[in-house]
Amino acid sequence: MKVKWGILGTAGIAAGCTIPGMTQAENCELYAIAGRNEKKVSEFQERYGFEKAYVGYDALLTDPQVQAVYVPLPNDIHYEWVLKAVKAGKHVLCEKPLALNATETQAMYDAAKENGVILMEAFAYLHSPYVDMLKEDVKSGIIGEVDYIETTFLTQGYTEDFRLHKEFGGGAFYDLGCYCTTMILTLAEACDVAWKPAYVKAVAEFTEEGVDMLTAGIMQFEGGLRASFNVGMNLGANSNARFDRLYVHGSKGCIRSDVEYNQEGELKYTVVSEGKTLERKVHAGQNYALELEQMNRCILYGEKQHVTPEFSIANAKLMDTVLKEIGY
């Protein structure tokens, strides 16, 4: 069995990541594409072989053949179109961050529940076996009791982009920080630590337009676990395109990883435990394909969604706290 998918928008993330994932997912059918630009819609239909193409998002939502909808629209209109989709009876996979605040996030999940459909936030990297292996090592106690997590995600090369505009929900923290906060919460859960930090402190560097280009924060959870993050869209033009890092410290050792978020192929990280150095390796498939396959199993067979409403709401609350701290 396959799920018939419609896509609201011709965004780069759809073309470069999610649609290729859909073509690889065994239980996924590319059925309909919708956009506001007729030329782009036609190009997507021709390129990927969509059966249906619509100019305007509403037209796709009225198609009874569409079972599920992927939303890769700018951050500021996720709320509007997710609500329209779930009220039309469509299951929804929506790009991260799901909403601009926790109040909207809660309302979106409430609407999905009321309409008997599944809503999942699209954190493709969380479906990777690399993350599963990290969690298993943390749970196993190989590095002892974890007391510190640090993660960094820095990029460059932004010119004309919605991420440079505050009114569209742009900025480094909305775009990149959500990766770091979800990684921290994922590993905190592996440590049996509740998702709500006892305190959060954060600072940011802003553009003249009021968009954060560099944001850093620290937090402490009940029981003493501390975490920190650094995210930015302002690496120098002569440097590498991006920099990613994960470090987890425990009472018996640590985990060190330079694997970039959302990667596939042969991935590895290092575990240092009681003086011994171990190299972990895992082969990861295309994360977006894994994400779509899991979402489709939820729709077809009632499997529990990997990125749960409770997790997304907890992350949205944490993001709200950081955004308040930096005055965004």
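Please read all numbers here as calculations on a predicted model, not as lab measurements.
Using a 4.5 Å cut-off on side-chain heavy atoms (C-beta onward), Tyr174 and Asp212 make no contact. Val248 has its side chain out of reach of Cys254: every pair of non-hydrogen atoms, C-beta onward, lies at least 4.5 Å apart. Side-chain contact check for Leu8 versus Val71: some heavy-atom pair is nearer than 4.5 Å. The closest side-chain heavy-atom distance from Tyr57 to Leu73 is below 4.5 Å. Residues Lys90 and Val117 fail the side-chain proximity criterion, which asks for heavy atoms closer than 4.5 Å. Between Arg226 and Phe221, every side-chain heavy-atom pair lies at or beyond the 4.5 Å cut-off. You'll find the side chain of His78 stays beyond 4.5 Å of the side chain of Pro74, heavy atoms only. Inter-residue side-chain proximity for Trp81 and Lys84 is flagged as met; some heavy-atom pair is nearer than 4.5 Å.
Counted by atom type alone, Thr182 and Asn315 present zero donor-acceptor pairs between their side chains at under 3.5 Å. No side-chain N or O of Lys4 forms a donor-acceptor pair with one of Gln67 less than 3.5 Å apart. With hydrogens and angles left out, the side-chain atoms of Asn262 and Asn287 include a donor and acceptor closer than 3.5 Å. For the residue pair Ser312 and Glu121, a side-chain donor N or O sits within less than 3.5 Å of a side-chain acceptor on the partner. Under 3.5 Å, the side chains of Glu95 and Tyr70 contain a donor-acceptor pair of N or O atoms. With 3.5 Å as the limit, one finds no donor-acceptor pair spanning the side chains of Asn296 and Tyr301. There is a side-chain donor-acceptor pair under 3.5 Å between Tyr148 and Ser228. Between the side chains of Thr152 and Tyr247, no donor-acceptor pair of N or O atoms lies under 3.5 Å. Side-chain N/O atoms of Thr151 and Tyr261 include a donor and acceptor closer than 3.5 Å.
Ion pairing between Glu266 and Lys281 fails under the 4.0 Å rule for side-chain N and carboxylate O. Between Asp192 and Lys139 there is no salt bridge, since no side-chain nitrogen of the basic residue lies less than 4.0 Å from a carboxylate oxygen of the acidic one. Between Glu303 and Arg297 there is a salt bridge, with a side-chain nitrogen of the basic residue lying less than 4.0 Å from a carboxylate oxygen of the acidic one. Taking 4.0 Å as the cut-off between side-chain N and carboxylate O, Glu150 and Arg245 count as a salt-bridged pair.
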**OP:** Begin with the C-alpha distance, continue with both residues' side-chain angles, and end with the deciding distance and a verdict on side chain to side chain contact (heavy atoms under 4.5 Å, CB included) for Val3 and Trp5.
**Re:** CA-CA 6 Å; Val3 176; Trp5 281 83; 3.6 Å; yes
Subject >> Residue pair Gln156, Asn234: steps toward the side chain to side chain contact (heavy atoms under 4.5 Å, CB included) verdict >> reply: CA-CA 5 Å; Gln156 66 169 353; Asn234 58 350; over 6 Å; no
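Aromatic ring pairs are classed by plane angle as parallel below 30°, tilted from 30° to 60° and perpendicular above 60°; the pair Tyr328 and Phe206 is tilted. The aromatic rings of Tyr179 and Phe123 stand perpendicular to each other, their planes meeting at an angle above 60°, with 30° marking the opposite boundary. Ring geometry for Phe311 against Trp195 counts as perpendicular: the plane angle is over 60°, on a 0 to 90° scale with 30° as the lower cut.
The minimum heavy-atom distance linking Ala14 with Pro20 is given by the pair O-CD, 3.7 Å.
Within 6.0 Å of NZ on Lys317 lie no more than 12 heavy atoms contributed by other residues, nucleotides or ligands. The local environment of CD in Glu167 is crowded, with over 12 non-hydrogen atoms from other residues, nucleotides or ligands closer than 6.0 Å.
Applying the salt bridge (Lys or Arg N to Asp or Glu O under 4.0 Å) test between Asp137 and each of Lys252, Arg280, Arg256 identifies Arg280 as the sole match.
Taking the centre of each ring, Phe173 and Phe153 stay at or above the 6.0 Å mark.
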